[in-house]
Amino acid sequence: MPRYAHDGDGGCDLYSIQSYLLEPLQRATIRTGIVLEIPMGFGGLILPRSGLASKFGVTLSNSPGLIDSGYRGELMVALINLDPKNSFAIEEGMRIAQLVIVEVSQFIFEEVEELEGTDRDRGGFGSSGLG
Ligand SMILES: O=c1ccn([C@H]2C[C@H](O)[C@@H](COP(=O)(O)OP(=O)(O)OP(=O)(O)O)O2)c(=O)[nH]1
C-alpha cells in the first residue's frame with residue numbers, strides 16, 4: 001500500500017514534516033508538505049487520529065478541517081494539546097491526522113414561507129428524552 005492511499009476503508013494518513021513541542025493546552029498549525037488537486041464536486045476533511053486523542057489529548061482545534069477543491073496550498077493540520085499537564089512532542093514523520101475525500105452535494109437554497117412537517121418538528125437538543 002503506498003504511503004498516501006485512499007482505499008475507501010478509512011482515512012489517508014497525514015504526516016508532520018516538522019518537529020514541534022506542543023505545551024499543555026497549546027495549539028499549533030503543523031505542516032504536512034502535501035498539496036492536492038481535489039476534483040470539483042469533492043472536498044477533503046482532515047480528521048483527528050483517535051489514538052492521539054484518547055492517549056494524549058491531542059486533537060484538532062477545527063475538527064474537521066475542510067479542504068476546498070479549489071485549494072492549492074499546503075495541507076495544514078490545526079493541532080491542539082488538550083492535556084492540561086503534559087506536553088506532546090510532534091516529531092518529523094509522525095502521523096498526526098487523516099484525510100478523507102468526500103463527495104459534496106450541490107444544493108441551491110430556496111427561501112419559502114413554510115416547511116413540511118415531520119415527527120421531530122422543532123424539537124431540538126434533548127427533546128427525545130434521556131433513555
Ligand atoms: O485544517 C485545515 C483547514 C483548512 N485548510 C486549508 C484548505 C482550505 O481550503 C483553506 C481554507 O479553509 P477554511 O475555508 O476552513 O478557512 P476559513 O477560515 O473559513 O477562511 P477562508 O475560507 O476565508 O479562507 O485552508 C487546511 O490546510 N487545513
Side-chain angles (χ1 to χ4, degrees):
M1 178 71 65
R3 208 164 177 225
Y4 297 102
H6 200 299
D7 62 1
D9 187 39
C12 166
D13 289 323
L14 292 174
Y15 298 79
S16 171
I17 59 162
Q18 63 181 112
S19 302
Y20 194 95
L21 186 67
L22 262 183
E23 300 291 353
L25 302 177
Q26 191 194 358
R27 58 182 193 269
T29 303
I30 302 296
R31 296 188 57 192
T32 65
I34 299 293
V35 292
L36 286 179
E37 200 171 313
I38 299 176
M40 185 67 190
F42 293 82
L45 297 178
I46 298 186
L47 304 172
R49 292 194 66 210
S50 305
L52 288 185
S54 60
K55 288 185 195 141
F56 305 104
V58 173
T59 185
L60 306 183
S61 60
N62 62 342
S63 183
L66 173 65
I67 311 300
D68 302 282
S69 65
Y71 181 65
R72 296 290 179 266
E74 179 176 356
L75 297 191
M76 304 297 290
V77 176
L79 284 182
I80 183 164
N81 178 7
L82 292 178
D83 192 293
K85 290 195 187 127
N86 299 305
S87 53
F88 182 81
I90 298 161
E91 283 155 18
E92 204 181 319
M94 181 182 268
R95 284 180 295 150
I96 50 170
Q98 48 195 333
L99 173 77
V100 288
I101 304 295
V102 292
E103 201 162 351
V104 178
S105 308
Q106 297 190 3
F107 279 94
I108 297 174
F109 292 93
E110 217 177 278
E111 209 171 318
V112 293
E113 291 300 323
E114 272 182 46
L115 303 177
E116 237 173 71
T118 66
D119 286 345
R120 173 174 285 277
D121 202 52
R122 288 170 189 244
F125 297 166
S127 62
S128 67
L130 291 177

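Both counts, for ligands and for their atoms, begin at 1 and track the order of listing.
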Subject >> Pairing residues for Asp13 by the salt bridge (Lys or Arg N to Asp or Glu O under 4.0 Å) criterion, not counting sequence neighbours >> reply: Arg95

Quick one: side chains of residues 121-131, donor-acceptor pairs under 3.5 Å with protein atoms, not counting sequence neighbours, listed by atom name and distance.
| from | atom 1 | to | atom 2 | distance (Å) |
| --- | --- | --- | --- | --- |
| Ser127 | OG | Gly124 | O | 2.9 |

Original post:
With a 4.5 Å heavy-atom cut-off, do Ser19 and Glu92 have their side chains touching?
Top reply: yes

Subject >> Min side-chain heavy-atom separation Glu74-Ile17 under 4.5 Å >> reply: yes

Original post:
Taking any residue with a non-hydrogen atom under 4.0 angstrom from an atom of ligand 1, which ones do you get?
Top reply: Ile46, Asn62, Gly65, Leu66, Ile67, Asp68, Tyr71, Glu74, Leu75, Met76

Original post:
Would a distance-only check, ignoring hydrogens and angles, find a side-chain to backbone donor-acceptor pair under 3.5 Å from Thr32 to Leu75?
Top reply: yes

Subject >> Remaining members of hydrophobic cluster (4.5 Å side-chain criterion), Val112 >> reply: Leu115

